[in-house]
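Everything below concerns the one structure shown next.
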Amino acid sequence: MKKDIIIHNKSDRPDNIVLQENQTIESCIGIENSLPHFFKEYFLFLKNSIGINTRLAYLTDIHFFCRYLIENTDLTEASDTRDITAEDFERIKARDVNFFLGDYCSRYYKETQHTTQIFENHNRALARKRSSLSSLFKFLYRNEQKTENISPGFNPIKLPRPQPDAIKKLEIDEVARMLDLAETGSGFTETQKKYWEKTKLRDKAILLMFVTYGLRLNELQQLNISSFNFSRGEFRIYRKRAKESLMPLNQTVEDAVSDYIKNERPPQDKLPEGERDALFLSLQNKRMTSKAIRELVKKYTSIVLGTSAKSGYSPHKLRATAASTLIEYGFSIYDVQNLLDHDNVTTTQIYAAHKKNVKREIIKNFEWSEDLGE
C-alpha cells in the first residue's frame with residue numbers, strides 16, 4: 001500500500017514544486033538502485049553538480065547504455081545492470097561507445113509478444129546520450145576508476161543551427177485570432193463549445209500568459225494563486241535549475257487572471273485541500289497536467305492555422321511567438337533574453353532575424369539619386 005507523502009516545507013517554494021522535485025528525485029534514486037554499485041560516487045557528483053531534471057536524463061541514458069552492454073555486446077557477462085563490474089567498464093573503448101551511438105541508437109527494435117517496436121533517435125537525442133556518457137566516463141577517469149579517459153574519442157554529433165525561417169511561431173494576426181477564439185468561441189464545433197463555455201476564462205488566461213511572457217510549459221503548470229501579488233503587480237515563477245524570478249503583470253494579463261479566479265475558478269473552500277492553491281484547474285478540479293495544457297494549446301492553434309489538432313503548435317511554439325513578437329516591437333535581444341531566461345543570447349538572436357528583412361526594406365526604398373540633392 002502506497003503511503004501518503006506529507007511535506008514539511010521549510011523553504012519559501014510552494015509545496016507543489018517541492019512535491020514535483022521529490023517525485024523526480026525518487027525516479028533518480030530508482031534508476032541509481034538499478035545501476036552498478038561502483039557508480040555510487042558518480043551519483044553523488046550528479047546530485048551536487050546539475051539540476052534534477054538533467055540528472056534524471058543522464059541516469060536514464062546511462063541505464064539504457066548498460067542494458068545495451070548486456071543485451072547486445074560481449075563486454076560483460078552480467079545479466080542484470082546492477083551486476084556490471086568496474087572491470088567490465090575498464091574494457092570499454094571509445095569505439096564501443098561510438099558504435100552504440102552511431103549504429104544502435106539511431107535505430108533499434110524492441111520485441112513484445114505481439115509486436116515489433118521500432119525506435120529512432122535523431123541527432124539531438126544522440127547528442128544528449130553522448131553528453132551523458134561523456135560525463136560518466138570523464139568522472140570514472142578522474143575518480144581513478146578507469147585508467148583512460150575515452151571521452152575525447154567519442155565521435156562528434158553535429159546539431160544543425162535552427163534557421164530563422166524554419167522557426168515555427170504564430171504571426172501577430174494569428175495571435176489576435178487565437179485570443180479572439182478563446183473569448184468568443186467562434187470556430188469551435190458545437191461539442192467543443194460545450195467545454196469552452198466552462199473553461200473560456202481559464203483558456204484565455206493561459207494563452208495570454210504564454211504569448212506575453214514566453215513561459216515554459218512547466219513554469220505555467222506550476223503556477224499557484226499564491227504566486228500572484230496583485231497589489232504589487234507581479235507574480236513569481238520557478239525556472240530551470242531552481243531559479244526564482246519575479247515577473248511584472250501588465251493590465252491585460254492581470255485582468256484575464258483576475259477574471260478567471262473571480263468568475264470561473266471554483267472557490268478554494270470547494271476544492272480538495274491539495275488543489276486549493278493551484279491556479280489552473282481541470283474540469284475535475286485538479287491542477288491541470290502538462291499534457292492537458294499542451295493539448296489545449298494545440299487545439300486553439302490548430303483552429304487558427306487551419307490544420308488538425310495533432311498538427312497544432314506546442315506551448316514552446318508560443319514561447320517562440322513571444323520572443324519574435326517582442327523583438328519585432330523593438331525590444332532589445334538582451335531584454336528578451338532576460339525575460340525568457342535564455343542561457344545564451346545567441347538563442348535569442350535567432351528570433352531577431354526579421355531585423356535583416358527590415359534593413360532590406362529600408363535600403364530597397366532608399367536610393368541615392370539626383371533628386372535627393374535638389
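In this structure, the side chains of L207 and L296 come closer than 4.5 Å at one or more pairs of heavy atoms. Using a 4.5 Å heavy-atom threshold, the side chains of D61 and F65 count as separate.
Without hydrogens or angle criteria, Y260 side chain to K204 main chain gives no donor-acceptor distance under 3.5 Å. Side-chain atoms of K146 come within 3.5 Å of backbone N or O of F89 as a donor-acceptor pair. Side-chain atoms of R55 do not come within 3.5 Å of backbone N or O of L46 as any donor-acceptor pair. Between the side chain of T81 and the main chain of S34, a donor-acceptor pair closer than 3.5 Å is present. Put simply, the side chain of T321 never gets that close to the backbone of V211: no donor and acceptor are under 3.5 Å apart. Judged by distance alone, the side chain of N48 and the main-chain N or O of L44 form a donor-acceptor pair under 3.5 Å. Between the N285 side chain and the L271 main chain, no donor and acceptor come within less than 3.5 Å of each other.
A salt bridge links E171 to K169: one of the charged nitrogens lies within less than 4.0 Å of a carboxylate oxygen. Salt bridge E197/K194: absent, no basic N to carboxylate O contact under 4.0 Å.
Ring centroids of F188 and Y195 are separated by 6.0 Å or more, keeping the two rings apart. Annotation: F235 is in aromatic contact with Y213 [ring centroid separation under 6.0 Å].
Evaluation of the side-chain contact (heavy atoms from CB on, under 4.5 Å) rule for R287 yields N16, Q221, N224, E275, A278 as partners, not counting sequence neighbours.
For the residue pair S151 / N149, a side-chain donor-acceptor distance below 3.5 Å is found, with atom types taken as modelled. Side-chain N/O atoms of T85 and D88 include a donor and acceptor closer than 3.5 Å.
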Original post:
Does the pair S135 and F45 meet the rule for a side-chain contact (heavy atoms from CB on, under 4.5 Å), with working shown?
Top reply: CA-CA 10 Å; S135 165; F45 162 73; 3.9 Å; yes
Subject >> Verdict with reasoning, R142 to E41, per salt bridge (charged side-chain N to carboxylate O under 4.0 Å, His left out) >> reply: CA-CA 11 Å; R142 289 197 308 269; E41 290 171 89; over 6 Å; no
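Heavy-atom contacts from other residues, nucleotides or ligands closer than 6.0 Å to CZ of R82 number 12 or fewer.
Classification of the Y42-F39 ring pair by plane angle, with boundaries at 30° and 60°, yields perpendicular.
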